[in-house]
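Below is one structure, written out as structure tokens; comments come after it.
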There are 2 protein chains.
Amino acid sequence: MGRRRAIAKGQTILWQGETASAVANVLSGTVKLSATTADGREQILGIVGAGGFIGRIDDKASAFSAIALNPVEICLFPRSAFVAMAEHHPEVGAALLERALADLDRARRWLLMIGRGTAIERVAALLVDFAGESTSTRHAFPLSRGQMADLAGLTIETVSRQLGKIKSAGLIAMPSRDIFEIRDMETLRAIAGEQPGNRPH
Amino acid sequence: MGRRRAIAKGQTILWQGETASAVANVLSGTVKLSATTADGREQILGIVGAGGFIGRIDDKASAFSAIALNPVEICLFPRSAFVAMAEHHPEVGAALLERALADLDRARRWLLMIGRGTAIERVAALLVDFAGESTSTRHAFPLSRGQMADLAGLTIETVSRQLGKIKSAGLIAMPSRDIFEIRDMETLRAIAGEQPGNRPH
DNA sequence: CGACCAGTTGAGGTGGTTCAAACTTAGTGG
DNA sequence: CCACTAAGTTTGAACCACCTCAACTGGTCG
């Protein structure tokens, strides 16, 4: 049930300020939630992957936009149908609640990082996050420098410089500019100020 | 149902890093959710008032502490009982979901403010929030300068200086140090960068 | 080859922090 | 009623992390 829809990379699914009458489920791909201040500064507020939920349950205006970072498939529901389903199928509602609380947790952890972390701490946190639970040491950057900057609340230049610092400290290697290899995960986590399980997305 | 419990001002209800086996509902009073970095910098992640929910549904460690800002009454449930109730009573689950999504919204709005806002914008946003929907122009600061700083991701000194600036610009008056009167709400909202409905808590 | 785009590097400016001192206010006891 | 204290706040000066602006580099695609 719901209408399936393909979204091209870079296309906006939901506009900041819009009051959407539909909600969506992400089937595949990655979506960024980002807001822009009146004078054009952008901040990424969250990243939604497969299984994630986009939209509002009430009819208020959205505080942020949802934009596809790569080709995305979503499943659209009218809001009323969605709410009804959540109320009649407890297991759906419970899953939704669980996800909302997990998202809330991530948003709050990120809030600490942005509010109190230095530039190098934020960039280290991004790297730790990109590495995820994966055992392999080699990774591609899933985000451009600009997107990393918008996520960390920094500028492109600062992100680039901090990556340089981390590289020359021997914590990572960067064989090409969109690939990094973790050399010292322990120190990296320490810089990121990682309490166990500190993953923004 | 659940055990009722009175908490004194300043007492910690939930410790950062703790894995609590109980969740709580706030009956009265105000609780701050705050996290502290390894080197002692604190960031308030959220404010929970009456009707709010504290705790985790899973058994992971909490990323933040919950501390009473004033005398608080809470109602404690074992986590399992709470989860069961949410699953068997759809309307409870729905209410919980609604609140979680609202909290998520506030956290994300605050993330934008913290990530991209200047000091004066953050302080103005606090004032607008304190004023709330109230029609009266005179208000008491519900938080100390230090708490405002921890909430805005600034230092006490910066909060004090920005308040001074806002005062001498004639946007507010401060007849005593814990009372303020709004003189120019429109400009204040404009500085806060308020998209309609931009309230962090 | 040349244009373009993302990323890097450099130099200088600035907003917010840090450290320190003065001030205010409420509470306490002589 | 007046020190005296203690906690919170304000103010000042110097510093530094990050931003801004600008030039440069290295890939990629026509």
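So that the names make sense, note that chain A is the first sequence line, chain B the second, and so on, each numbered from 1.
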When all nucleic acid strands are considered with a 4.0 Å heavy-atom cut-off, which category describes [X]: base, sugar-phosphate, or nothing?
{"X": "A/Ser176", "answer": "nothing"}
{"X": "B/Leu163", "answer": "nothing"}
{"X": "B/Arg177", "answer": "base"}
{"X": "B/Met148", "answer": "nothing"}

For [N], take OP1 and OP2 only and decide whether either is under 4.0 Å from a side-chain N or O of [X].
{"X": "B/Thr155", "N": "C/dT17", "answer": "yes"}
{"X": "A/Thr118", "N": "D/dA17", "answer": "no"}
{"X": "A/Thr158", "N": "D/dC19", "answer": "yes"}

Check your understanding: Does A/Phe180 have A/Arg138 sitting over its ring (NZ/CZ under 6.0 Å from centre, angle to axis within 45°)?
Key -> no
Practice item. May I ask you to check if A/Arg145 and A/Phe141 form a cation-pi contact, with NZ or CZ under 6.0 angstrom from the six-membered ring centre and within 45° of the axis? Key: yes
Practice item. Start with the C-alpha gap between B/Glu73 and B/Arg5, add the side-chain angles, then the distance that decides, and say whether salt bridge (charged side-chain N to carboxylate O under 4.0 Å, His left out) holds. Key: CA-CA 6 Å; B/Glu73 270 192 322; B/Arg5 186 95 160 272; over 6 Å; no
Check your understanding: Any N or O donor-acceptor pair linking the side chain of A/Gln162 to the base of D/dC18 at under 3.5 Å?
Key -> no
**Study point:** Minimum side-chain heavy-atom gap A/Phe130-A/Leu143 below 4.5 Å
**Key:** yes
Check your understanding: Considering heavy-atom distances to DNA chain C, does A/Arg116 or A/Arg145 have its closest nucleotide positioned more toward the 5' end?
Key -> A/Arg145
Point to revise | Within 6.0 Å of CD in A/Glu186, more than 12 heavy atoms from elsewhere | key: no
Check your understanding: Judged by modelled atom types alone, do A/Ser62 and A/Glu18 share a side-chain donor-acceptor pair under 3.5 Å?
Key -> no
Review point. Of the nucleotides D/dT11, C/dT8, C/dA11, which one has an atom closest to the side chain of B/Ser160?
Key: D/dT11
Check your understanding: Angle, rounded to 10°, between the helical axes spanning five pairs at each terminus of the helix from C/dC1-D/dG30 to C/dG30-D/dC1?
Key -> 30°
